[in-house]
Amino acid sequence: MLTTRPRGTNDILPGDVEKWQYLEGQICRICSEYGFSEIRTPIFEHTELFLRGVGDTTDIVEKEMYTFNDRGERSITLRPEGTAPVVRAYLEDRLYAGPQPVKLFYTGPMFRYDRPQSGRFRQFHQFGVEVFGSHDPAVDAEVMAMAMDLFARLGLRNLELRVNSVGCPACRIVLRRRLQDFFRPRLDNLCKNCRDRFEKNPMRILDCKEKRCKEAGAGAPTTIDCLCDGCAGHFEQVKKHLDLLNLSYIVDSCLVRGLDYYTHTAFEIMASDIGAQSSIGGGGRYNRLVETCGGPPTPGIGYALGMERIILLMERQGIETPGTPGKDVFVVTAGQATSTEAFKLLFGLRSAGLSADKDYMNRSLKAQMKYAAKAGARFAVIVGEEELKQGVALVRDMSTGAQEAVVFGGIVEYLCLKQL
RNA sequence: GUGGGUGUAGCUCAGCAGGCUAGAGCACCAGAUUGUGGCUCUGGGGGUCGUGGGUUCAAGUCCCAUCAUCCACCCCA
């Protein structure tokens, strides 16, 4: 073999690809029901989009981007996430000039140079939605409810919706100061990482999984403690709307999402059955992002779900998806003289909308029958020399074994009727 | 970037404390009085034992390196 697939990438083979098609089908349906239109953006963008959009102190930008110079010496990056490109399109294609809000969804591959592990890949796929133009807390609730609705339709169980509000920039300044005041006397108890975070982004200390940091963080001011009246009111309304939908959730004041652009609502959906990478999706409000990208002040909210993780979870929970249906008909030849008639019959069947195939391996009649059975054919049409002379062929019902001679010219019609 | 586990046929794995032409099950292909499948039986093809060094009379088996993969940390989907 010349080479293998690059690390952290996957081939999705027949037998698995049906799961993806099923998931994509459910996504399309729910998006249409919730009023989202699909947008397809390029897989690569100018690097600065992510530097500015995602935030240049985030892990994604600092160590996970696939960045390279193209032949024109432009810095190009394979998209590590979907929101920034959609925001770019919203601006570039002037979607703000149309009726608001603009509700968009996307699916597709994303790229992050991480070390692969269970549920994590260098090329992975996300489904995401974005809503531009509305401040309404009901929209926050709607997108969360939509994500949970999708999971419910897929049959997933034991999920946890965690919700928090990270406030607006004004709240963050307050929080930052109060956190630094709180942790300053406890700096020695923090892990090395968190001592860095103390200056760079003290909010992240709350998110640390180290025991010592969790202990040191007990009683620390949280994002919710520092919300201004406006942000607190918004958060109350979000929760009220979630309650209206009877959606269960956990308020997690430690939930701080990794991307810089979040304001107000932040949420994450956790699953317990898929290993350490337990988040199957997350999102939040990003009221400053459009402006950061050079557009008019425009509120936005969205989420992204990890499709590999969803499929992994479905497998772990034993959820069955429809497989590829077998062929309708397999055309079997017996004798050299029958091959041209069989070939023409095959195409006649297909023109009539039946899925049909024949042997191309020069196999014996017996082997052809075996293959037909394995391929899940519902009918076999056996074109034999003797029968052909009499102008008929044998049509065999593979499930019952019943077989009858049918006038050759009438086989397509005969089978079409059988299918119904 | 850090740490640990694993790498033998297409797949799941055996291969004992280094020693004869490297095995099994499944899958694939072909047969079982020559024109009929899903069961059974028989046979067959297919392996640079991840790769490169080293130790040894002798290495799939020991040592080193490297690559890949899995899992975990970090972080995230």
Side-chain angles (χ1 to χ4, degrees), chain A residues 1 3-10 13 15 54 57-64 79-83 107-128 147 191-194 196-197 201 204 207-210 213 255-259 268-271 274-283 303-313 326 330 332-338 359 361-388 393-403:
Chain A
M1 191 171 41
T3 185
T4 57
R5 56 180 204 272
R7 176 165 219 194
T9 63
N10 284 112
L13 302 175
V54 178
T57 62
T58 58
D59 273 32
I60 290 179
V61 170
E62 282 186 339
K63 52 182 210 185
E64 294 173 3
R79 63 182 184 193
E81 59 100 49
T83 299
T107 61
M110 306 292 165
F111 305 85
R112 291 185 202 171
Y113 191 90
D114 247 359
R115 194 107 172 233
Q117 71 185 70
S118 181
R120 184 166 62 205
F121 308 96
R122 289 186 173 178
Q123 175 174 333
F124 61 101
H125 296 76
Q126 286 187 335
F127 154 61
C191 70
K192 197 175 65 189
N193 238 318
C194 282
D196 281 351
R197 288 171 174 147
N201 195 348
R204 295 274 182 82
D207 218 18
C208 187
K209 279 133 198 157
E210 293 263 347
C213 301
L255 174 62
V256 178
R257 298 195 42 81
L259 287 62
E268 192 156 355
I269 297 142
M270 315 290 284
I274 53 168
Q277 306 305 315
S278 56
S279 167
I280 59 172
Y303 63 74
L305 311 182
M307 295 173 74
E308 280 82 358
R309 290 183 186 178
I310 291 171
I311 286 171
L312 179 60
L313 189 57
F330 194 84
V332 173
T333 57
Q336 289 289 320
T338 66
D359 174 63
M361 298 300 288
N362 220 337
R363 276 190 262 244
S364 68
L365 172 62
K366 182 177 184 144
Q368 290 181 58
M369 291 301 292
K370 213 171 186 173
Y371 183 86
K374 245 173 277 180
R378 294 167 64 187
F379 291 94
V381 176
I382 301 158
V383 185
E385 280 178 3
E386 289 306 311
E387 290 83 353
L388 205 54
L394 303 173
V395 177
R396 183 183 179 88
D397 184 322
M398 294 296 280
S399 56
T400 64
Q403 184 168 299

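Reminder, nothing fancy here: chain letters follow the sequence lines and each chain counts from 1. Keep in mind that this is a model prediction, so the values were computed, not measured. Atoms considered below: every heavy atom in the structure, side chains included; atoms not considered: hydrogens, waters and symmetry mates.
The base of B:C76 lies close enough to the side chain of A:Arg309 for a donor and an acceptor atom to sit less than 3.5 Å apart. Side-chain atoms of A:Gln368 and base atoms of B:U36 include no donor and acceptor less than 3.5 Å apart. In this model, no side-chain donor or acceptor of A:Arg115 finds a partner on the base of B:G1 within 3.5 Å.
B:A30 and B:G53 are spaced 41 Å apart, taking the P atom of each and rounding to whole Å. Spacing between B:C57 and B:G18 at atom C1', rounded to whole Å, works out to 12 Å. Straight-line distance between the P atoms of B:U66 and B:G3: roughly 12 Å, to the nearest whole Å. Using P as the reference atom, B:A22 and B:G47 are 12 Å apart when rounded to the nearest Å. Remark: the separation of the P atoms in B:C11 and B:U40 is 24 Å, to the nearest Å. Taking atom P in both B:G31 and B:C16, one finds a spacing of 39 Å when rounded to whole Å. For the C1' atom pair drawn from B:A14 and B:C26, the interatomic distance equals 15 Å after rounding to whole Å. To the nearest whole angstrom, the two P atoms, one in B:C13 and one in B:G50, are 15 Å apart.
Checking side-chain atoms of A:Glu268 against main-chain N and O of A:Gly282 turns up no donor-acceptor pair under 3.5 Å. A donor-acceptor distance shorter than 3.5 angstrom exists from the side chain of A:Arg5 to the backbone of A:Thr9, with no hydrogens or angles considered. Panel note: side chain A:Asp114, backbone A:Pro116; no donor-acceptor pair is recorded below 3.5 Å. In this structure, the side chain of A:Glu308 engages the main chain of A:His125 through a donor-acceptor pair within 3.5 Å. Formation of a donor-acceptor pair under 3.5 Å by the A:Asp397 side chain with backbone atoms of A:Gly401 is not found in this model. Remark: side-chain polar atoms of A:Gln368 are paired, donor with acceptor, to backbone N or O of A:Thr333 under 3.5 angstrom. With A:Arg309 contributing its side chain and A:Arg120 its backbone, the two residues share no donor-acceptor pair below 3.5 Å.
Cation-pi contact between A:Arg122 and A:Tyr113: present, with separation from the ring centre below 6.0 Å and deviation from the ring axis of at most 45°.
Using N1 to N3 plus N6-O4 or O6-N4 for Watson-Crick, or N1-O2 and O6-N3 for G-U wobble, each under 3.5 Å, B:A9 pairs with nothing. Shown here, B:C20 forms no base pair; nothing in the strands shown gives a Watson-Crick or G-U wobble contact with both key distances under 3.5 Å. Base pairing analysis places B:U51 opposite B:A65; the two distances defining the Watson-Crick or G-U wobble pair are each below 3.5 Å. The partner of B:G3 is B:C71, judged by Watson-Crick or G-U wobble contacts that both fall below 3.5 Å. Base pairing analysis places B:C76 opposite nothing; no Watson-Crick or G-U wobble pair with both distances below 3.5 Å involves it. B:G38 is unpaired under the Watson-Crick or G-U wobble criterion, no partner having all donor-acceptor distances under 3.5 Å.
Proximity of A:Gln117 to the phosphate of B:A72: a side-chain N or O atom is located under 4.0 Å from OP1 or OP2. Under 4.0 angstrom from either OP1 or OP2 of B:C71 there lies at least one side-chain N or O belonging to A:Ser118. For B:C29, the OP1/OP2 oxygens have a side-chain nitrogen or oxygen of A:Lys374 closer than 4.0 Å. Applying the 4.0 Å criterion to OP1 and OP2 of B:A30, one finds that A:Lys370 has every side-chain N and O outside that range.
Applying the 5.5 angstrom centroid cut-off and the 30 degree plane-angle cut-off, the aromatic ring of A:Phe124 is stacked upon the base of B:A77.
For the pair A:Arg7 CZ and B:U69 C1', the computed distance is 8 Å after rounding to whole Å. Rounded to whole angstrom, the span from the CG atom of A:Asp114 across to the P atom of B:C71 amounts to 14 Å. With rounding to whole Å, A:Met307 atom CE is found 11 Å from B:A77 atom C1'. Atom P of nucleotide B:G10 and atom CG of A:Leu13 are separated by 15 Å, given to the nearest angstrom. For A:Asp397 and B:G37, the CG to C1' distance is 12 Å, given to the nearest whole Å. One atom, CD1 of A:Ile274, and another, P of B:A72, lie 10 Å apart when rounded to the nearest Å. Regarding A:Arg120, its CZ atom lies at a distance of 12 Å from the P atom of B:C70, rounded to whole Å. Taking atom CG on A:Leu365 and atom P on B:A32, their separation rounds to 12 Å, with Å as the unit.
The side chain of A:Ala367 has B:A30 as its nearest neighbour among B:A32, B:A77, B:A30. The nucleotide whose nearest atom lies closest to any side-chain atom of A:Leu394 is, among B:U69, B:G35, B:C76, B:G35. Of the candidate nucleotides B:A77, B:C74, B:C29, B:C74 has the atom nearest to the side chain of A:Lys63. Looking at the side chain of A:Ile382, the nearest of the listed nucleotides B:G35, B:A72, B:A77 is B:G35. Of the candidate nucleotides B:U36, B:A77, B:C70, B:A77 has the atom nearest to the side chain of A:Gln126. Across B:G35, B:G37, B:A77, the shortest atom-to-atom separation from the side chain of A:Phe121 is found for B:A77. In the set B:C29, B:C74, B:A77, B:A77 carries the atom at the smallest distance from any side-chain atom of A:Ala304.
Other residues, nucleotides and ligands contribute at most 12 non-hydrogen atoms within 6.0 Å of the OH atom of A:Tyr371.
Using a 4.0 Å heavy-atom distance criterion, A:Glu81 is classed as making no nucleic acid contact. Nucleic acid contact for A:Gln123: none, since no nucleic acid atom lies under 4.0 Å from a heavy atom of the residue. Using a 4.0 Å heavy-atom criterion, one finds that A:Gly401 contacts the bases of the nucleic acid, with or without backbone contacts as well. Nucleic acid contact class of A:Glu386 (heavy atoms, under 4.0 Å, all strands): base. As judged by a 4.0 angstrom heavy-atom cut-off over every strand, A:Gly119 is placed among the base-contacting residues.
When each of A:Ser279 and A:Pro6 is assigned the nucleotide of RNA chain B with its nearest heavy atom, A:Pro6 is the one assigned upstream, toward the 5' end.
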